[in-house]
Every structure is written in C-alpha cells, then in structure tokens.
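First the structure, in the form of structure tokens, and then the observations on it.
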Amino acid sequence: QVQLVESGGGLAQPGGSLRLSCAASLITFSNYEMSWYRQAPGTERELVAAISSAHVTTYVDSVKGRFTISRDNVKKMAYLQMNSLKPEDTAVYYCYARILMGGIKYGMDFWGKGTLVTVSS
C-alpha cells in the first residue's frame, strides 16, 4: 500500500555529485517529515538529513555544506543532492517518512529499501 522507493545511487568519484530521489506513495505526503539515513559497512544507521513538513532542514555535521535535502509536495518526492562526495560517504542510503505532532512521532512511519552510493577513485 504505502511505499518509499529510492533511486539515483551509483558510483561517483571523490569530489563528484549524485542526486538521490525518493518517490513516496503517501496520501498526505505534505504532512510527513522526510529524511535520509545511511548505513556504511560495519556501522550503525545514521541520520543524514531531514526536511520537516514546514520545510525546515537538518543535517548531520559531516555533510553540512555538501548535501542538500529538498522536497516536492506536488510530485510527492524527496531528494538528496550530494556534492563534494568523499569516500566516507559510501553507504546504503535510505528514505524515511514520519509524521511529527508536537515533536512526537504520530501514526505509522515508513522506510525505503535503500540505494547504494559508492564513492571511490
């Protein structure tokens, strides 16, 4: 019924760019906070970037100034523009959607299946 589908992963060289896309079949997409997580081999999954229903953005320190999260509420899409890529950005990137009410998660949340980003020479 509800699904998030990521695309845009692949191979990039250090200093290069990729744009990840997340297509969301959420009826009330505009009410959801959309975010991107990543998980590298041997590490825990970490929050990379989030954009709230009010279009407020948050980034993990390691990607600030390099990554930009955005959303299109008409197309029901979320994006992660990744510039100045580094080898340490290599990971599986996951799209995540949740509703927050008063800062507390409300109702169901949803995960995509992930898309692999590899940064190497």
What are the two closest heavy atoms between [X] and [Y], and how far apart are they?
X	Y	value
Ala78	Trp36	O-CZ2, 3.8 Å
Leu18	Gly8	CD2-O, 4.0 Å
Met77	Ser21	CE-CB, 3.8 Å
Ser52	Arg71	O-NH1, 3.1 Å
Ala49	Leu47	O-CD1, 3.6 Å
Leu11	Ser120	CD1-OG, 3.6 Å

Legend entry - Check: Ser25 side chain, Gln3 main-chain N or O, donor-acceptor pair, under 3.5 Å: yes
Inset, instruction - Verify, without hydrogens or angle tests, whether Arg45 (side chain) and Gln39 (backbone) share a donor-acceptor contact under 3.5 angstrom. - result: no
Same cluster for [X] and [Y] if Ile/Leu/Val/Met/Phe/Trp/Tyr side chains link at under 4.5 Å?
X	Y	result
Phe29	Met108	yes
Phe110	Tyr106	yes
Phe67	Ile51	yes

Legend entry - Pair Lys76 + Asp72, salt bridge at N-O below 4.0 Å: no
Inset, instruction - Would you mind checking if Glu6 and Lys113 are paired as a salt bridge, meaning a charged N to carboxylate O distance below 4.0 Å? - result: no
Legend entry - Those residues that, when tested against Ser30, pass side-chain contact (heavy atoms from CB on, under 4.5 Å) (two or more places apart): Asn73
Legend entry - Side chain to side chain, Val48 and Tyr59, heavy atoms closer than 4.5 Å: no
Inset, instruction - Find out whether Met82 and Thr68 are in side-chain contact, i.e. whether some heavy atom of one side chain is under 4.5 Å from a heavy atom of the other. - result: no
Inset, instruction - Count the heavy atoms belonging to other residues, nucleotides or ligands that lie under 6.0 Å from CD of Glu88, then report whether that count exceeds 12. - result: yes
Inset, instruction - Please check if atom CD in Glu46 has more than 12 non-hydrogen atoms from other residues, nucleotides or ligands closer than 6.0 Å. - result: yes
Legend entry - side-chain contact (heavy atoms from CB on, under 4.5 Å) assessment of Asp109 paired with Tyr32: CA-CA 9 Å; Asp109 56 354; Tyr32 284 80; over 6 Å; no
Inset, instruction - Assess whether side-chain contact (heavy atoms from CB on, under 4.5 Å) is satisfied between Cys95 and Met34, documenting all intermediate values. - result: CA-CA 7 Å; Cys95 184; Met34 302 299 297; 3.7 Å; yes
Inset, instruction - Report the C-alpha separation of Tyr79 and Arg19 in whole Å, then their side-chain angles, then the decisive distance to 0.1 Å, and conclude whether the side-chain contact (heavy atoms from CB on, under 4.5 Å) test is met. - result: CA-CA 7 Å; Tyr79 306 96; Arg19 189 179 79 155; 3.8 Å; yes
Inset, instruction - Could you tell me whether Arg38 sits above the aromatic face of Tyr94, with NZ or CZ closer than 6.0 angstrom to the six-membered ring centre and within 45 degrees of the axis? - result: no
Inset, instruction - State the CG-CG distance between Asn31 and Leu100, to the nearest 0.5 angstrom. - result: 11.0 Å
Legend entry - Spatial distance of atom CZ (Arg98) from atom CD1 (Ile104) [nearest 0.5 Å]: 11.0 Å
Legend entry - Donor + acceptor pair across side chains of Asn83, Ser17 (<3.5 Å): yes
Legend entry - Identified side-chain contact (heavy atoms from CB on, under 4.5 Å) counterpart of Val117 within the set Val92, Leu80, Leu20, Thr90: Leu20
Legend entry - Working for salt bridge (Lys or Arg N to Asp or Glu O under 4.0 Å), residues Lys64 and Asp61: CA-CA 5 Å; Lys64 287 181 179 177; Asp61 286 344; 2.9 Å; yes
Legend entry - Tyr37 ring center near Trp111 ring center (under 6.0 Å): yes
